[in-house]
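What you are looking at is a predicted structure, and each value in this text was computed from that prediction instead of being measured.
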Amino acid sequence: MTSDGNNKETLAAKLLGKETLILLVGLFTLGSGFYTGEPMQYFWGITIIIGAVALYFVRRKDWKKHWEEQELLRQALEERRKRQREEGK
């Protein structure tokens, strides 16, 4: 974060973010697998890279909005079930 209180991240913070560092570890592991010829390093490198990409998309999602939508869906489902029970009586 910047020192002026904005929510804008600095370039250094973006470049050295958790996702970026994890991606670099995955690339390093994959590269060392190519260098040494160890198949297990291919596996771990690809797994780490996939995890970094998944983490990137999970962190981008607006979770507050997601849970509000889920709550609205739950309430609508409860109301529908309640109406169905009342109609069945």
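- Here the straight-line distance linking atom CG of D62 with atom CD of E69 works out to 8.5 Å at 0.5 Å rounding.
- Contact of the R81 side chain with the L77 side chain is registered, since non-hydrogen atoms from C-beta on lie closer than 4.5 Å.
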Which pairs of donor and acceptor atoms, one on a side chain in residues 26-34, lie under 3.5 Å apart (sequence neighbours left out)?
unit_1, atom_1, unit_2, atom_2, d
T29, OG1, V25, O, 2.8
S32, OG, F28, O, 3.3
S32, OG, T29, O, 2.9
S32, OG, Q41, NE2, 3.3

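- By the neighbour-count criterion of 12 heavy atoms within 6.0 Å, atom CH2 of W67 is sparsely surrounded, having that number or fewer from other residues, nucleotides or ligands.
- Distance CD/E86 to CD/Q84: 11.0 Å, rounded to 0.5 Å.
- Residues meeting the salt bridge (Lys or Arg N to Asp or Glu O under 4.0 Å) test with E71, sequence neighbours left out: R74.
- Remark: K18 NZ to T20 OG1 distance equals 11.5 Å, nearest 0.5 Å.
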Under 3.5 Å, sequence neighbours excluded: what are the donor-acceptor pairs made by side chains of residues 43-59?
unit_1, atom_1, unit_2, atom_2, d
T47, OG1, F43, O, 2.7
R59, NE, E19, OE2, 2.9

